[in-house]
Chemist: 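Please read through the structure below; I'll follow up with questions.
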Amino acid sequence: MLGVLYASQYRAMRWEEEKTNDGVKWKQLEHKGPYFVPLYEPLPDDVQFYYDGKPLKLSLATEEIATFYAKMLDHEYTTKEIFQNNFFNDWRKEMTPQEQEIIKQLDKCDFREIHKYFVDKNEARKALSKEEKQKLKEEADKIQEEYGYCILDGHREKIGNFKTEPPGLFRGRGDHPKMGMLKKRIMPEDVIINCSKDSKIPEPPVGHKWKEVRFDNTVTWLASWTENIQNSLKYIMLNPSSKLKGEKDWQKFEVARKLKDVVHKIRAQYQADWKSKEMKKRQRAVALYFIDKLALRAGNEKEEGETADTVGCCSLRVEHIKLHSKLDGQEHVVEFDFLGKDSIRYYNKVSVEKPVFKNLQLFMKNKDPGDDLFDRLSTAVLNKHLQKLMNGLTAKVFRTYNASITLQEQLKALTNPEDSVAGKLLSYNRANRAVAILCNHQRSTPKTFEKSMQNLQTKIDAKKEQLEKAQQELEEAEDEFKDKKDAKAEANVQKKKKLLERLKEQLAKLNVQATDKEENKQIALGTSKLNYLDPRISIAWCKKFGVPIEKIFNKTQREKFAWAIDMTDEDFEF
DNA sequence: GCAAAGACTTAGTAGATATGTG
DNA sequence: CACATATCTACTAAGTCTTTGC
């Protein structure tokens, strides 16, 4: 074979579908191991901790943990009782016996001086000169260069998270029972290295050993450790731009496209199952209907008291829905109100088919608010059923499928080929937004939202004024041309016309911006774009309507979707 | 057949960086 | 050019689903 390949051939080969199904993920894996975050640097002597109003010199380990709390002093977390208690408990465990003897109440601890020290330090860093900042950047780049890449089957690939997580206080989301607990420092002795046998095995930092070095090519991680809060594993894995991740991503969307072919049959079946004699089947059918229609997550069981109380479809409880025979002119309305992943609230009122409504009444009969709505159902049962309906089908495929098909339909409905690029982008964002709403992807309203909205309005008003003025000037110029009929006057008319056109465009652009911003207030578009929307739909749309891909995908996104950018033409259909 | 462990994807946010503006 | 604002990136928690071990 020739040593030279055309770029397109190379690309086609690079994304060629994986044939192996023996679970082997790679043949060669070489890397440097994780980068360990720097050790704790003690506070200067003039920065003091006070207990009960008196300065108290802390041992190194105790001081380090104190700084974790001090740094968070103006964060809402430190006002929460659970956070305070968990922190204080864990902190006391690390104290010397003498310190334990003295430090007995958190409210007698004064961290303010330590807090100020870190605030000042932060400011100082921000105020650094360009050259000094450049130097810091170069140092960071050097670390990235050395630890941030690995060799996988002959390709140099970027690693996603190559640094160990620094110690600190656990920041769980929502009402997390473990918030404030001490997240311990990861040492080489905690870390398992995974690489290929014949590769250069990473060296542990001097004076240290790895917990284990293994050669498992059926998994994709490079290193792992067990974190001490939930006692679960953490991994160092490849960046989404890597071939391995890209192929997996592609595969995910291919499974979702396969669902497109059978979804009608599946829908017909679960509708029929609403009337099944078996309670278990009815529950399965109603749950699947929710997952399909509302894009709910599967809802695995969680260990009580270990995490925030959140639910998905299969773990919904009676207290999470209300039934209304009639509401706001609609029949058979189900009102959902529960906390989902990341304790994000799901609130929705949906009019459902009568049999669904009847079934829900049945499922709720003689149950307490805290009882499971689908008591005969689990995600395992549901997924086992789905697996029989289509190879590779699980609950989450419905989210991917419905998100992608919605984008495709919305783009078709909303795009006007006559629009400017800005107008088309508004349509794109609206289509994206429809998906984000479906998937309930929310964000907290940016702190400066109201203000920046006002600023934009001021700009719009100013532009309107300019426009009116330009309009007048144009009329005057036209009058003058009627009088004089000379070349100079004609040129002036043309000039004013151009100006007017430009201002009109600018105003239109600002208006589009304002609409977009308002509609986006509490909705996060990024998550669906990155995880649920088949990028080929977006790329085909760009090509079809002459929108540069950079307008919808930033650098990171283009890297992640390199597989799709390489293979998609404007005719692609999901 | 089940629970726990393991592997991998999906999620919002904080802080860094880029861009626009007076 | 300094500052404000918008956008991007890194981070790591929190899910889903599969595998393991009894």
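The figures that follow rest on heavy atoms only: side chains count, while hydrogens, waters and symmetry mates do not. Residue numbering restarts at 1 for every chain, and letters A, B, ... go by the order of the sequence lines.
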Chemist: Got a second to check how far F68(A)'s CZ is from F118(A)'s CZ, nearest 0.5 Å?
Modeler: 9.0 Å
Chemist: Does Q230(A) make a side-chain N or O approach to OP1 or OP2 of dA14(C) shorter than 4.0 Å?
Modeler: yes
Chemist: Which one, dT9(B), dA7(B), dG12(B), comes nearest to the side chain of D342(A)?
Modeler: dG12(B)
Chemist: Tell me whether the side-chain N/O atoms of H441(A) come closer than 4.0 Å to OP1 or OP2 in dT10(B).
Modeler: no
Chemist: Can you see if the side chain of K234(A) gets near the phosphate of dA13(C) - specifically, an N or O under 4.0 Å from OP1 or OP2?
Modeler: yes
Chemist: Ignoring hydrogens and angles, tell me if any N or O in the side chain of K234(A) forms a donor-acceptor pair with the backbone of T164(A) under 3.5 Å.
Modeler: no
Chemist: With a cut-off of less than 4.0 Å, is there a side-chain N or O of K245(A) near OP1 or OP2 of dT9(B)?
Modeler: yes
Chemist: So does K341(A) reach the base of dT10(B) with its side chain, donor to acceptor, closer than 3.5 Å?
Modeler: yes
Chemist: Looking only at side-chain atoms of K252(A), point me to the closest of dC17(C), dA7(B), dT10(B).
Modeler: dT10(B)
Chemist: Between T310(A) and dG15(C), does any side-chain N or O lie under 4.0 Å from OP1 or OP2?
Modeler: yes
Chemist: Under 4.0 Å between any heavy atoms, over every strand shown, what does K183(A) touch: base, sugar-phosphate, or nothing? Just pick one.
Modeler: sugar-phosphate
Chemist: Among dA7(B), dA14(C), dC11(C), which nucleotide sits nearest the side chain of K163(A)?
Modeler: dC11(C)
Chemist: What's the closest nucleotide to the side chain of M237(A) if the choices are dA14(C), dT10(B), dA7(B)?
Modeler: dA7(B)
Chemist: Base, sugar-phosphate alone, or nothing: which one does G299(A) contact when heavy atoms must sit under 4.0 Å apart?
Modeler: sugar-phosphate
Chemist: How would you label the contact of G340(A) with the nucleic acid (heavy atoms, under 4.0 Å): base, sugar-phosphate, or nothing?
Modeler: sugar-phosphate
Chemist: Have a look at S444(A) and say if it touches a base, only the backbone sugar-phosphate, or nothing, with a 4.0 Å heavy-atom cut-off.
Modeler: sugar-phosphate
Chemist: Would you say Y235(A) places a side-chain N or O within less than 4.0 Å of OP1 or OP2 belonging to dT12(C)?
Modeler: no
Chemist: Could you tell me the separation between the CE atom of M179(A) and the P atom of dT12(C), rounded to a whole number of Å?
Modeler: 18 Å
Chemist: For DNA chain C, which residues of residues 395-408 of chain A approach it to below 4.0 angstrom with any heavy atom?
Modeler: A395(A), K396(A)
Chemist: With respect to the side chain of R173(A), which nucleotide from dA14(C), dC8(B), dC11(C) is positioned closest?
Modeler: dA14(C)
Chemist: Report the residue (T164(A) or T379(A)) whose heavy-atom-nearest nucleotide on DNA chain C is the more 5′ of the two.
Modeler: T164(A)
Chemist: About how many Å separate CG of L29(A) and CG of L244(A), when rounded to the nearest 0.5 Å?
Modeler: 9.5 Å
Chemist: For dC8(B), take OP1 and OP2 only and decide whether either is under 4.0 Å from a side-chain N or O of T220(A).
Modeler: yes
Chemist: Would you mind telling me which of L296(A), D309(A), T310(A) makes a side chain to side chain contact (heavy atoms under 4.5 Å, CB included) with F338(A)?
Modeler: L296(A)
Chemist: What's N554(A) touching, base or sugar-phosphate or nothing? Going by heavy atoms closer than 4.0 Å.
Modeler: sugar-phosphate
Chemist: Taking only the side-chain nitrogens and oxygens of K248(A), find out if one of them lies under 4.0 Å from OP1 or OP2 of dT9(B).
Modeler: yes
Chemist: Specify the residue among N231(A) and K384(A) whose closest nucleotide of DNA chain B lies further upstream toward the 5′ end.
Modeler: K384(A)
Chemist: Between F162(A) and Y147(A), does the ring centroid distance fall short of 6.0 Å?
Modeler: no
Chemist: Which is true for S224(A) with a 4.0 Å heavy-atom rule: it touches a base, it touches only sugar-phosphate, or it touches nothing?
Modeler: nothing
Chemist: Tell me if the aromatic rings of W91(A) and Y69(A) count as close, with their centers under 6.0 Å from one another.
Modeler: no
Chemist: Where each residue is assigned the nucleotide of DNA chain C containing its nearest heavy atom, which of F553(A) and R171(A) is assigned the position nearer the 5′ end?
Modeler: F553(A)
Chemist: Side chains of N217(A) and S196(A) only: does a donor on one sit below 3.5 Å from an acceptor on the other?
Modeler: no
Chemist: With no hydrogens and no angle check, just 3.5 Å: does a side-chain donor-acceptor pair link T220(A) and Y235(A)?
Modeler: no
Chemist: What's the closest nucleotide to the T527(A) side chain, out of dG12(B), dT13(B), dA13(C)?
Modeler: dG12(B)
Chemist: Between dA7(B), dG15(C), dT9(B), which nucleotide gets closest to the side-chain atoms of R297(A)?
Modeler: dG15(C)
Chemist: Would you kindly give the CG-to-P distance between L438(A) and dT10(B), to the nearest whole Å?
Modeler: 15 Å
Chemist: Please report, rounded to the nearest Å, how far the C1' atom of dT7(C) is from the CZ atom of R443(A).
Modeler: 11 Å
Chemist: Mind checking if L530(A) touches a base, just sugar-phosphate, or nothing, with heavy atoms under 4.0 Å?
Modeler: nothing
Chemist: Could you tell me how far apart E123(A) (CD) and dA16(B) (P) are, to the nearest whole angstrom?
Modeler: 12 Å
Chemist: Does dG15(C) have OP1 or OP2 sitting under 4.0 Å from an N or O in the side chain of N300(A)?
Modeler: no
Chemist: Counting only heavy atoms from other residues, nucleotides and ligands, does the tally under 6.0 Å from NZ of K133(A) exceed 12?
Modeler: yes
Chemist: Output the single nucleotide from dT12(C), dG15(C), dA14(B) whose closest atom is nearest the side chain of K302(A).
Modeler: dG15(C)
Chemist: Apply side chain to side chain contact (heavy atoms under 4.5 Å, CB included) to residues L377(A) and V286(A) and explain how you reach the verdict.
Modeler: CA-CA 11 Å; L377(A) 189 68; V286(A) 171; over 6 Å; no
Chemist: The side chain of H75(A) lies closest to which of these nucleotides: dT9(B), dA7(B), dA14(B)?
Modeler: dA14(B)
Chemist: Please tell me which of the listed nucleotides, dC11(C), dT10(B), dT9(B), lies nearest to the side chain of N531(A)?
Modeler: dT10(B)
Chemist: Taking the nucleotide of DNA chain B with the closest heavy atom to each, which residue, C439(A) or V219(A), is nearer the 5' end?
Modeler: V219(A)
Chemist: Under 4.0 Å: is that the gap between some side-chain N or O of N383(A) and OP1 or OP2 of dC17(C)?
Modeler: yes
Chemist: Indicate, with a heavy-atom threshold strictly under 4.0 Å, whether P166(A) touches base, sugar-phosphate, or nothing.
Modeler: sugar-phosphate
